[in-house]
Amino acid sequence: MKTTRKIIRIDEDKCNGCGLCVPSCAEGAIQIVDGKARLVADRYCDGLGACLGQCPLDALTVVDDEAEPFDEAAVHEHLKVLKEKKEAPPAFDRPGFVPKPEEAAPEPERLACGCPSAMVRSFEPATPTPCSDGETTPKTPLASELRHWPVQISLVPPTASFLKGANLLVAADCTPVAYPAFHRDLLKGKVVLMGCPKLDNTEAYLQKFVAIFEQADIKSITAVVMEVPCCRGLPMILQRAMALTGKEIPMETVVISTDGRMLDR
């Protein structure tokens, strides 16, 4: 039976599906469905609004509305199901599973693109090479400032040696493409981790940075994002990871425009 009480409402027109509200809801009432944050069931929402401050677009509000009463017992069952889904091994890892030939287990620690997350590498600076695109462009020496591999947040293990005592550069995927001097102005002397706060799993990012901050003595963080709203989630994830670990790491946020200018630093 429905009653009038406080409950979360989500403006789907404002929501961009960044998912930052999901980990902030201790009851698991909010999930990303079809690219939008949605309230799974009224009975899971306590109406306290812990998720409000995590939304960069103000798509969440607490309203007085007719809703099912909050059900704590149902929440416990719901969280249990979510945990089981998260921790459930793939079919080929389950006891007694005998795969058909076409269902053979994939090679572990390797993605279809051929980037093995276990193959952590550090290397010396690249030798500068001249441009050679004709007489219209001066032959300016170019060199990569990258000192390690892999660079994707999801692939870098928290125990990677290059993270120890690092000055961390956490960059949204689009920034090196938009900003032409990315290597010279931002990457030099830093360890870079890259990802997309809109398209990737933000909860997984949060847990990865919590592990990194706990295990590596990170000296500083530079977050590089685009000016678009969906990028705002990246600095928020880093700040939340610091709060969860009790770390106070100096952090700078750099904003890049869609036409390749540095707007703020």
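Along the sequence shown, residues carry numbers from 1. What's counted below: heavy atoms across the whole structure, side chains too, no hydrogens, waters or symmetry copies.
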Can a side-chain donor-acceptor contact be found between D185 and Y179 if the only test is distance below 3.5 angstrom?
yes
Q) Does one side chain, of T159 or Q215, offer a donor that lies under 3.5 Å from an acceptor on the other? A) no
- Message: I'd like to know whether NZ of K36 has more than 12 heavy-atom contacts from other residues, nucleotides or ligands below 6.0 angstrom.
- Response: yes
**Prompt:** For the hydrophobic clusters of this structure (ILVMFWY residues joined by side-chain heavy atoms under 4.5 Å, transitively), does one cluster hold both L168 and M242?
**Reply:** yes
(Q) Applying salt bridge (Lys or Arg N to Asp or Glu O under 4.0 Å) to D58 and K14, what does each step give before you reach the verdict? (A) CA-CA 7 Å; D58 296 323; K14 290 183 178 179; over 6 Å; no
Does the H183 side chain pair with the main chain of S144, one donor and one acceptor, at a distance under 3.5 Å?
no
Looking at D217 and K164, is any side-chain nitrogen of the basic one under 4.0 Å from a carboxylate oxygen of the acidic one? no
For V191 and A166 the tightest heavy-atom approach is CG2-CB, 3.7 Å
Here the gap from M236 atom CE to R232 atom CZ, rounded to the nearest 0.5 Å, amounts to 10.0 Å
Taking every heavy atom of P158 against every heavy atom of A211, the minimum-distance pair comes out as CG-CB, 3.6 Å
Practice prompt. Inspect the contact between E12 and R38 and indicate whether a charged nitrogen and a carboxylate oxygen are less than 4.0 angstrom apart.
Written response: yes
SG (C231) and CG (N16) are apart, to the nearest 0.5 Å, by 10.0 Å
**Prompt:** Applying the 4.5 Å side-chain criterion to the ILVMFWY set and letting contacts propagate, would V33 and I10 be lumped into a single cluster?
**Reply:** no
Where do R5 and F70 land on the side chain to side chain contact (heavy atoms under 4.5 Å, CB included) test, with the steps shown first? CA-CA 9 Å; R5 69 179 183 91; F70 176 64; 4.2 Å; yes
Do V224 and V255 have side-chain heavy atoms sitting under 4.5 Å apart?
-> no
Go through it in stages, so that I can follow the logic: the residues are I32 and V22, the test is side chain to side chain contact (heavy atoms under 4.5 Å, CB included), and I'd like the CA-CA distance, side-chain angles, deciding distance and then a yes or no.
CA-CA 8 Å; I32 301 299; V22 175; 3.9 Å; yes
Step by step, work out the side chain to side chain contact (heavy atoms under 4.5 Å, CB included) result for V254 and T222. CA-CA 7 Å; V254 178; T222 302; 3.9 Å; yes
Judged by atom type as modelled, is there a donor-acceptor pair below 3.5 Å linking the side chain of K208 to the main-chain atoms of I153?
yes
Q) Do L206 and E203 have side-chain heavy atoms sitting under 4.5 Å apart? A) yes
dist I249:CD1 -> I212:CD1 (nearest 0.5 Å) comes out at 10.0 Å
Rounding to 0.5 Å, atoms SG (C25) and CD (E27) come to a distance of 5.0 Å
_Hphob cluster co-occupancy, L39 + V63, side-chain heavy atoms under 4.5 angstrom_ = yes
**Asked** Do L193 and L169 have side-chain heavy atoms sitting under 4.5 Å apart?
**Response** no
Note: G47 and V62 closest approach over all heavy atoms is O-CG1, 3.7 Å
Note: F162 and W149 closest approach over all heavy atoms is CE2-O, 3.8 Å
Notebook entry, point to check: So do R43 and P69 actually touch side chain to side chain, heavy atoms under 4.5 Å?
Noted result: no
Closest heavy-atom pair, V225 versus P235, reported as atoms and distance to 0.1 Å, is CG1-CD, 3.8 Å
Q.
Less than 4.5 Å apart, side chain to side chain, heavy atoms only: is that true for C15 and L57?
A. no
Practice problem: Flag the pair D64 / I7 as yes when at least one side-chain heavy-atom distance between them is below 4.5 Å, and no otherwise. | Solution: no
Closest heavy-atom pair, I30 versus C21, reported as atoms and distance to 0.1 Å, is CG2-SG, 3.7 Å
NE2 (H78) and CG (D71) are apart, to the nearest 0.5 Å, by 12.0 Å
query = Does some side-chain heavy atom of R261 sit less than 4.5 Å from a side-chain heavy atom of I256?
reply = no
Can you check side chain to side chain contact (heavy atoms under 4.5 Å, CB included) on M251 and Q239, steps first, answer last? CA-CA 9 Å; M251 188 173 98; Q239 290 166 352; 3.6 Å; yes
Verify same cluster id: L199, V177 (apolar side-chain graph, 4.5 Å) = no
N/O donor-acceptor pair under 3.5 Å between T245 side chain and A241 backbone: yes
Subject >> K188 atom NZ, over 12 foreign heavy atoms within 6.0 Å >> reply: no
### Any donor-acceptor pair under 3.5 Å from H148 side chain to P150 backbone
yes
The reported gap from OH in Y44 to CD in E68 (rounded to nearest 0.5 angstrom) is 9.0 Å
task = List the steps, then state whether salt bridge (Lys or Arg N to Asp or Glu O under 4.0 Å) holds for R265 with E252.
result = CA-CA 7 Å; R265 183 169 192 176; E252 174 188 32; 3.1 Å; yes
(Q) Any heavy-atom pair between the side chains of L238 and V170 that's under 4.5 Å? (A) yes
Side chain to side chain contact (heavy atoms under 4.5 Å, CB included) with M226: of D173, L234, T258, only one passes, and it is T258
